[in-house]
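Remarks on the structure that follows.
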2 protein chains.
Amino acid sequence: MKLKDDRKVELIFEAALKLVAQKGLSGITMGDISREAGIATGTLYVYFTGKDELINALFAASRANSVQVAFRGYELTTPFKLGFRTVWMNILRYKLQHFEEVVFLEQCYHSPYITEETRERARELAVPFYDLIERGQQEMLIKTADTGLLLTFMMGAINELVKQTHYSNETLSKKKIDLTFDLCWDALKA
Amino acid sequence: MKLKDDRKVELIFEAALKLVAQKGLSGITMGDISREAGIATGTLYVYFTGKDELINALFAASRANSVQVAFRGYELTTPFKLGFRTVWMNILRYKLQHFEEVVFLEQCYHSPYITEETRERARELAVPFYDLIERGQQEMLIKTADTGLLLTFMMGAINELVKQTHYSNETLSKKKIDLTFDLCWDALKA
DNA sequence: CACAGAAGTGAATATTTATTCGCTTATCTT
DNA sequence: AAGATAAGCGAATAAATATTCACTTCTGTG
């Protein structure tokens, strides 16, 4: 017998992301996805029970990806500011390179597709970021304010920068990136 | 003869905003909108030629609203930091009170509904914000970096704060608001 | 190699949703 | 107050879209 093809799920995800970045979640159909992925519409239903499950699975995967990459190269032993910078740059780099996921995730938060369970799992993934900020606070390097608030501020700035960069389709220079990090650091530092 | 009822357009807009904040742009139908607005589906077509026009009109109106309110109480004669603070608070207050518009606008940017023309008009509305930042730069109070970048950073932080506040459904205390302004000011100040 | 069983197909069907239309109701004009 | 004209209605229709299904094509297993 023939086995399921993991690569095909990848193909489907890539197609869906591309289309959502182009036309938004509201402008995407199962037909579009299958055409873009180069497979038959019926095949989508071999891998997913329906549109809802497809979107939820893609949401979970996208969310996990972006978090997984963030702490690459970060160790508790590295000095805080350097470690924070590493994480910050990881996030920015990832989001610039995976703009489609940024858009997709954003659109999903207020969509009828994402179930409460999927949302809850997404929230759990944020824990390491809270830990990071709290470490900075313990070392008296970061303002002693609501951790969630500081995190929100930082992520918001990155997200908006990524979107802005994409819309104005200029490449973000090293200089601009460093500057934005400085903005962020100046905001959060004690 | 009977005349068109301006109030009805308001009703339609309110209904659409409410639904989009609840279920996203992708989960909204003309039937839903009319039911929520308490009018017949056909009546929607008296006021708008179709769904596309309805969404574009709402987008334009929402965008205009949020900008219009921003400079209330701001004068070129007021000292910069105070004026900046006024504008910043105006924006935050408006977005907190009109969360539905925040969500709606965000969802629209990557939707197939919004035409290039509507987008272009939306961009023009940002000019006063550029002027504000540039004034701060001339007075040596704001970092001399790309104006768009600084603006992006500031708006991103506000947006994310508003969203975060809403999701965690706590009311944002005066203290937290002031703190966030300080974060923002520390980031942008020269 | 044979064949079992699952993947893969895309046209057919079911479902959802936008839009139209014949009709009723309201209100402006004279 | 009467007529004209457009708003308002919601069931009917058209269009778009999700999902199924009868069929074909693979490929792992014995």
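Every chain is numbered from 1 and lettered A, B, ... according to where its sequence line falls, protein lines coming before strand lines.
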Could you state the atom-to-atom distance from [atom1] of [X] to [atom2] of [N] in whole Å?
X: K51(A); N: dT20(D); atom1: NZ; atom2: C1'; answer: 17 Å
X: I12(A); N: dT9(C); atom1: CD1; atom2: P; answer: 10 Å
X: L19(B); N: dA18(C); atom1: CG; atom2: P; answer: 12 Å
X: Y47(B); N: dT19(C); atom1: OH; atom2: C1'; answer: 18 Å
X: D52(A); N: dT17(D); atom1: CG; atom2: C1'; answer: 14 Å
X: L54(B); N: dA18(C); atom1: CG; atom2: C1'; answer: 12 Å

Tell me whether the side-chain N/O atoms of K8(B) come closer than 4.0 Å to OP1 or OP2 in dG8(D). yes
Is the phosphate of dA7(D) approached by T43(B) (side-chain N or O, under 4.0 Å from OP1 or OP2)? no
Here the residues of residues 20-40 of chain A within 4.0 Å heavy-atom distance, strictly under, of DNA chain C are I39(A), A40(A)
Pairwise N/O distances under 3.5 Å, protein to nucleotides 25-30 of chain C:
from    : atom 1 : to    : atom 2 : distance (Å)
dT27(C) : O2     : M1(B) : N      : 3.1
dT27(C) : O2     : M1(B) : O      : 3.4
dC28(C) : O4'    : M1(B) : O      : 2.5
dC28(C) : O2     : M1(B) : N      : 2.9

Without hydrogens or angle criteria, can the side chains of [X] and [Y] be said to hold a donor-acceptor pair below 3.5 Å?
X: T77(B); Y: E75(B); answer: no
X: S62(A); Y: N65(A); answer: no
X: K4(A); Y: Y47(A); answer: no

5'-most contact on DNA chain C: Y45(B) or V46(A), nearest heavy atom basis? V46(A)
In terms of hydrophobic clustering (I, L, V, M, F, W, Y; side-chain heavy atoms under 4.5 Å; direct or indirect links), are L76(A) and V67(A) co-clustered? yes
Salt bridge (charged side-chain N to carboxylate O under 4.0 Å, His left out) for E36(B) and K18(B)? Distances and angles first, verdict last. CA-CA 9 Å; E36(B) 179 71 34; K18(B) 181 171 174 186; 3.1 Å; yes
Within the side chain of R63(B), is there an N or O that forms a donor-acceptor pair under 3.5 Å with the backbone of R119(B)? no
State yes or no: are the ring centers of Y109(A) and F59(A) separated by less than 6.0 Å? yes
Identify the two heavy atoms, one from F104(B) and one from L17(B), that lie closest to each other, and give their separation to 0.1 Å. CB-CD2, 3.6 Å
Classify the nucleic acid contact of F48(A) as base, sugar-phosphate or nothing, counting any heavy atom under 4.0 Å across all strands shown. nothing
As a quick check of understanding, evaluate side chain to side chain contact (heavy atoms under 4.5 Å, CB included) for I28(B) and K51(B), giving each step before the final call. CA-CA 10 Å; I28(B) 203 184; K51(B) 194 175 179 181; 4.1 Å; yes
